[in-house]
Amino acid sequence: MLTHTTNTVNTFGRNARIGAQVTAQGLDGTLEMMGATMSFPRNGEIYGENEPADYLYKVISGTVRTSKILDDGRRQIGEFYLPGDIFGLEVGSEHAFSAEAIADSKVLVIKRSAVEALAARDNDAARQLWAMTGRELQRVQDHILLLIKTAQERVAGFLLEMADRIKTSNEVELPMSRQDIADYLGLTIETVSRTLTSLENASAIALPTSRRIVLCNRTALRKLNA
């Protein structure tokens, strides 16, 4: 996808020169000077698996998921990205996962070559880019460790992670469906639903709606996630 962004390349190049002058604002602020905002509808594809990784992306509003279809036909979700998160960072020249908007979303699109050029001539920007890459690697490692745990441990860990990332008190409005959660945790949707009900019966959480979850006992959830 994103072949429709070709006409914005000149804008990216012009803004890259501006971005090099504003690194004191931090890399996030610089990226906003360099990029263009695009809108994607619910379930709209932002980029596909194995497509050239020519751009980086920052979620402005909405939520994005990355996923791939496994050889047996199952979908594995790699990560969820919330407002403020940057995604599309790749080691190679192609995307390992596809990316779709979970809900109507606005995404900042930045030319990868412009970011690399900025990092090459600005040490502070390079350090921040390395830190950003390190955080993404840490998320991948945490996800791998989560997938070897029991179903209850996976769901508890996921709820704690979302509560921390959404930065609410004890009530979390999840933007993703239970099927998305199941595909992220490597479980069936039935197992996710049963586990949520089990946690509710144990008074660890409350379920006012299918997506609104109240963390009633974080200590108990942390013990499950230990």
Side-chain angles (χ1 to χ4, degrees), residues 28 42-43 57-70 72-87 89 96-105 131-226:
D28 277 357
R42 179 176 177 269
N43 293 324
Y57 308 83
K58 179 180 178 181
V59 182
I60 304 300
S61 63
T63 308
V64 171
R65 64 176 172 249
T66 55
S67 65
K68 69 182 336 176
I69 303 301
L70 305 179
D72 60 6
R74 290 181 297 118
R75 181 183 67 161
Q76 177 64 57
I77 289 182
E79 188 55 83
F80 297 111
Y81 295 94
L82 307 174
D85 289 341
I86 292 174
F87 64 102
L89 292 164
F97 289 72
S98 62
E100 308 94 24
I102 289 179
D104 292 347
S105 302
M132 187 188 305
T133 305
R135 288 193 296 271
E136 184 67 12
L137 179 59
Q138 186 62 56
R139 281 185 185 175
V140 172
Q141 292 173 335
D142 290 344
H143 190 195
I144 292 172
L145 291 174
L146 191 65
L147 292 176
I148 65 174
K149 296 184 176 182
T150 67
Q152 198 169 57
E153 289 169 340
R154 295 184 210 184
V155 173
F158 174 76
L159 295 178
L160 290 169
E161 178 194 355
M162 287 298 109
D164 288 341
R165 291 178 62 189
I166 295 174
K167 293 181 172 58
T168 57
S169 52
N170 287 320
E171 189 168 314
V172 181
E173 187 76 32
L174 295 175
M176 66 287 295
S177 68
R178 289 194 179 180
Q179 185 63 63
D180 283 341
I181 296 170
D183 290 347
Y184 177 72
L185 296 178
L187 302 170
T188 65
I189 188 172
E190 293 81 10
T191 299
V192 169
S193 295
R194 279 199 307 271
T195 304
L196 288 170
T197 299
S198 174
L199 291 173
E200 184 179 36
N201 291 338
S203 300
I205 65 171
L207 300 169
T209 69
S210 62
R211 295 201 181 192
R212 185 176 305 141
I213 299 178
V214 181
L215 307 187
C216 302
N217 191 337
R218 285 183 181 243
T219 301
L221 292 172
R222 288 193 186 99
K223 285 181 179 177
L224 285 173
N225 191 46

Kindly say whether [Y] contributes a backbone atom to a donor-acceptor pair with the side chain of [X] at under 3.5 angstrom?
{"X": "Q76", "Y": "L70", "result": "no"}
{"X": "R154", "Y": "L147", "result": "yes"}
{"X": "R165", "Y": "F80", "result": "yes"}
{"X": "S98", "Y": "S67", "result": "yes"}
{"X": "H143", "Y": "G78", "result": "yes"}
{"X": "T197", "Y": "S193", "result": "yes"}

Distance-only polar pair, side chains of R178 and S210, donor-acceptor under 3.5 Å: no

Side chains of T188 and T191: donor-acceptor distance under 3.5 Å anywhere?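 There is such a pair (donor and acceptor under 3.5 Å, judged by atom type) between the side chains of T188 and T191.
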
Is E79 salt-bridged to R65, cutoff N-O under 4.0 Å?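 No, no charged N to carboxylate O under 4.0 Å.
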
Using 0.5 Å steps for rounding, measure from the [atom1] atom of [X] to the [atom2] atom of [Y].
{"X": "M132", "Y": "L137", "atom1": "CE", "atom2": "CG", "value": "14.0 Å"}
{"X": "I148", "Y": "E153", "atom1": "CD1", "atom2": "CD", "value": "9.5 Å"}
{"X": "D180", "Y": "I77", "atom1": "CG", "atom2": "CD1", "value": "4.0 Å"}
{"X": "R74", "Y": "D183", "atom1": "CZ", "atom2": "CG", "value": "9.0 Å"}

Please test I181 against M176 for side-chain contact (heavy atoms from CB on, under 4.5 Å), starting from the C-alpha separation and ending with a verdict. CA-CA 7 Å; I181 296 170; M176 66 287 295; 3.7 Å; yes

Where does the angle between the aromatic ring planes of F158 and Y184 fall among parallel (under 30°), tilted (30 to 60°) and perpendicular (over 60°)?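 Geometry flag for Y184 against F158: tilted rings.
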
Minimum-distance pair of heavy atoms, taken over all atoms of [X] and [Y]:
{"X": "C216", "Y": "S203", "value": "CB-O, 3.5 Å"}
{"X": "S105", "Y": "G62", "value": "OG-CA, 3.5 Å"}
{"X": "P83", "Y": "S61", "value": "CG-CA, 4.2 Å"}
{"X": "A163", "Y": "L215", "value": "CB-CD1, 3.6 Å"}

Please tell me if the side chains of [X] and [Y] come closer than 4.5 Å, counting only heavy atoms from C-beta onward.
{"X": "D85", "Y": "Y57", "value": "no"}
{"X": "E100", "Y": "N43", "value": "no"}
{"X": "P175", "Y": "L82", "value": "yes"}
{"X": "L187", "Y": "V155", "value": "yes"}

Residues two or more places apart in sequence or in another chain: which of them pass salt bridge (charged side-chain N to carboxylate O under 4.0 Å, His left out) with [X]?
{"X": "E136", "answer": "none"}
{"X": "R211", "answer": "none"}
{"X": "K68", "answer": "E49"}
{"X": "E200", "answer": "none"}

Which salt bridge (charged side-chain N to carboxylate O under 4.0 Å, His left out) pairs, counting each pair once, include a residue from residues 214-226, with sequence neighbours left out?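 Listed by first then second residue: D164-R218.
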
Listed by chain and number, what are the ring-ring contact (aromatic ring centres under 6.0 Å, His included) partners of F97, not counting sequence neighbours?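 In terms of ring-ring contact (aromatic ring centres under 6.0 Å, His included), with neighbours along the sequence ignored, F97 is linked to no residue.
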
Show your reasoning for whether side-chain contact (heavy atoms from CB on, under 4.5 Å) applies to R42 and I102. CA-CA 5 Å; R42 179 176 177 269; I102 289 179; over 6 Å; no

Apply side-chain contact (heavy atoms from CB on, under 4.5 Å) to V172 and L159, showing your working. CA-CA 8 Å; V172 181; L159 295 178; over 6 Å; no

I205: which of L196, N217, V214 passes side chain to side chain contact (heavy atoms under 4.5 Å, CB included): L196

List the steps and the verdict of salt bridge (charged side-chain N to carboxylate O under 4.0 Å, His left out) for D142 and R135. CA-CA 10 Å; D142 290 344; R135 288 193 296 271; over 6 Å; no

Evaluate the criterion side-chain contact (heavy atoms from CB on, under 4.5 Å) for residue pair V59 and F87; output intermediate values, then yes/no. CA-CA 8 Å; V59 182; F87 64 102; 3.7 Å; yes

